[in-house]
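Numbered from 1 within each chain, the chains take letters A, B, ... in sequence-line order.
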Amino acid sequence: MGNRKVSYYQGMRYQGGGPMLAWILHRLSGLGILTFVGLHVIASFFMQQLGSDWATFINTLYESWIFQIVAIFVVLFHAIGGLRIAILDLWPRFLVFQRESIWLQWLIFLPIYGLTIFILIQHALAGG
Amino acid sequence: MHSRTVQPGLTFEYVMWIFTRISGFGMVILALIGVAVAFYLGARTQTDLPTLLRWTFFPNPNHVINSEIPDVTLGWANAFWQIMQMLMVFFAATHGYNGLRTVLEDFIAPSFGRAFLRGAIFTLWLASLVVAVYVILAS
């Protein structure tokens with residue numbers, strides 16, 4: 001494992017398609033949520049206890065509608081993708097339809113996400 | 001590069017693999033309960049969308065305090081939501097830090113550094129849980 005003879009450039013040229021995109025987005029969104037939640041827990045602690053300026057800044061940033069657009073993408077994508085993975089793990093005979101399941105994942109994700117950010121942006125532009 | 005060797009039986013990796021699935025379903029169910037009860041309490045007219053989303057992720061009264069809700073102590077802040085928050089934090093922290101461990105160990109061969117990272121992630125997980133429980137009980 002430690003001695004893979006694959007250069008960074010070769011790795012970037014790997015044409016994994018839809019399944020690779022879903023895999024990499026699932027990992028990145030997972031790490032994103034971990035960073036967000038970890039920072040938020042620490043910031044809330046310092047805001048609650050010391051009224052710290054930087055902690056208040058982090059939490060104000062997290063509560064803004066622009067940040068919510070990113071947070072919704074990351075959480076919703078990770079949740080729906082995770083459900084797909086868990087369902088395929090429970091019924092492995094459906095793994096032959098992995099590509100189709102990823103299309104289904106996007107088909108479920110896009111309307112929910114689109115509607116949510118539409119409402120968010122609409123309210124933000126209306127000054128809500 | 002060789003494939004991962006898998007031991008039969010109840011190993012740490014197997015338990016964490018199962019836990020990741022169960023906690024994933026669990027967090028979706030907790031979020032659905034949170035948003036459903038919020039609508040029952042009047043979220044449709046008393047909160048805006050970002051507030052409702054924050055509440056859905058984590059039903060903490062501080063997440064809805066700056067909304068149109070007249071008094072969060074009426075239904076929005078009680079022992080039920082504290083238990084919901086504890087469950088959510090336990091699922092999220094364990095699922096998340098184990099995910100970080102999985103991603104890191106995909107790139108690091110068994111070594112002292114890997115054992116050290118495991119220890120560091122375990123410490124962070126424990127510290128996060130302690131701080132989160134304090135925040136939940138104090139809010």
Side-chain angles (χ1 to χ4, degrees), chain A residues 1-6 24 26-49 59-60 62-69 71-72 75-76 78-90 115-124 126 128, chain B residues 1-5 17-18 20-28 31-32 48-54 56-58 60 62-63 66 88-89 92-93 95-111 113-114 121 124-125 127-136 138-139:
Chain A
M1 281 291 281
N3 190 26
R4 285 183 291 189
K5 291 200 169 51
V6 178
I24 201 87
H26 195 77
R27 289 209 148 184
L28 288 177
S29 59
L31 293 175
I33 296 167
L34 187 69
T35 313
F36 159 66
V37 175
L39 265 175
H40 186 52
V41 167
I42 296 164
S44 300
F45 176 77
F46 279 100
M47 198 171 91
Q48 210 166 34
Q49 293 306 307
N59 278 342
T60 313
Y62 282 0
E63 287 186 2
S64 70
W65 63 274
I66 297 170
F67 187 87
Q68 303 273 323
I69 289 175
I72 305 305
V75 174
L76 199 63
H78 198 83
I80 295 174
L83 285 179
R84 177 185 66 83
I85 293 165
I87 289 166
L88 286 179
D89 282 340
L90 282 174
L115 189 63
T116 311
I117 59 163
F118 175 75
I119 297 170
L120 272 173
I121 293 172
Q122 197 184 35
H123 278 249
Chain B
M1 184 178 171
H2 58 86
S3 56
R4 278 187 244 214
T5 50
W17 185 87
I18 289 282
T20 302
R21 270 82 193 150
I22 292 172
S23 59
F25 280 125
M27 282 187 283
V28 170
L32 289 177
D48 58 3
L49 189 63
T51 310
L52 183 64
L53 290 168
R54 267 181 269 137
T56 306
F57 295 157
F58 192 60
N60 185 293
N62 284 330
H63 278 169
N66 296 320
M88 190 62 125
V89 153
H95 187 112
Y97 282 116
N98 183 60
L100 176 65
R101 184 186 65 83
T102 310
V103 172
L104 286 177
E105 291 185 358
D106 270 354
F107 296 95
I108 303 167
S111 60
R114 189 174 179 170
I121 290 168
L124 268 174
W125 169 76
S128 298
L129 279 186
V130 171
V131 170
V133 166
Y134 183 85
V135 169
I136 291 166
S139 55

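Residues A:Q68 and B:L53 form a side-chain contact, since some pair of their non-hydrogen atoms from C-beta on lies under 4.5 Å apart. Looking at B:W17 and A:D89, their side chains come closer than 4.5 Å, going by heavy atoms from C-beta outward.
Under the rule for a side-chain hydrogen bond (donor to acceptor under 3.5 Å, both in side chains), B:T56 has no partner lying at least two apart in sequence or in another chain.
Screening A:V37, A:V75, A:I33 against B:F57 for a side-chain contact (heavy atoms from CB on, under 4.5 Å) leaves a single residue, A:V75.
With a threshold of 4.5 angstrom between heavy atoms, B:Y97 approaches chain A through its backbone and through its side chain. For chain B, the nearby part of A:Q49 is the side chain; its heavy atoms alone come within less than 4.5 Å. Neither the backbone nor the side chain of A:S64 comes within less than 4.5 Å of any heavy atom in chain B. For chain A, the nearby part of B:V28 is the side chain; its heavy atoms alone come within less than 4.5 Å. Contacts between A:H26 and chain B at a heavy-atom distance below 4.5 Å are absent for every atom of the residue.
Residues A:I85 and B:R21 come closest through the heavy atom pair CG2-NH2, 3.6 Å. In terms of heavy-atom proximity, B:P50 sits nearest to A:L120 at CG-CD2, 3.4 Å. Counting all heavy atoms, side chain and backbone alike, B:V135 lies closest to A:S44 at CG1-CB, 4.4 Å. Here the shortest heavy-atom pairing between A:V41 and B:S128 reads CG1-O, 4.3 Å. Closest non-hydrogen pair, B:L49 versus A:T116, comes out as CD2-O, 3.6 Å.
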Derivation and outcome, side chain to side chain contact (heavy atoms under 4.5 Å, CB included), residues B:N62 and A:M47:
CA-CA 12 Å; B:N62 284 330; A:M47 198 171 91; over 6 Å; no
Before you tell me yes or no, could you show the steps for B:F25 and A:L90 under side chain to side chain contact (heavy atoms under 4.5 Å, CB included), namely the whole-Å CA-CA distance, both residues' side-chain angles and the distance that decides it to 0.1 Å?
CA-CA 12 Å; B:F25 280 125; A:L90 282 174; 4.2 Å; yes
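Between B:H63 atom NE2 and A:N59 atom CG the span is 7.5 Å, to the nearest 0.5 Å. The NE2 atom of B:H95 sits 4.5 Å away from atom NE2 of A:H78, with the distance rounded to the nearest 0.5 Å. With values rounded to the nearest 0.5 angstrom, B:L100 atom CG is found 8.5 Å from A:T35 atom OG1.
When the shell of 6.0 Å around CZ of A:F46 is examined, it contains 12 or fewer heavy atoms from other residues, nucleotides or ligands.
The aromatic rings of B:Y134 and A:F45 stand perpendicular to each other, their planes meeting at an angle above 60°, with 30° marking the opposite boundary.
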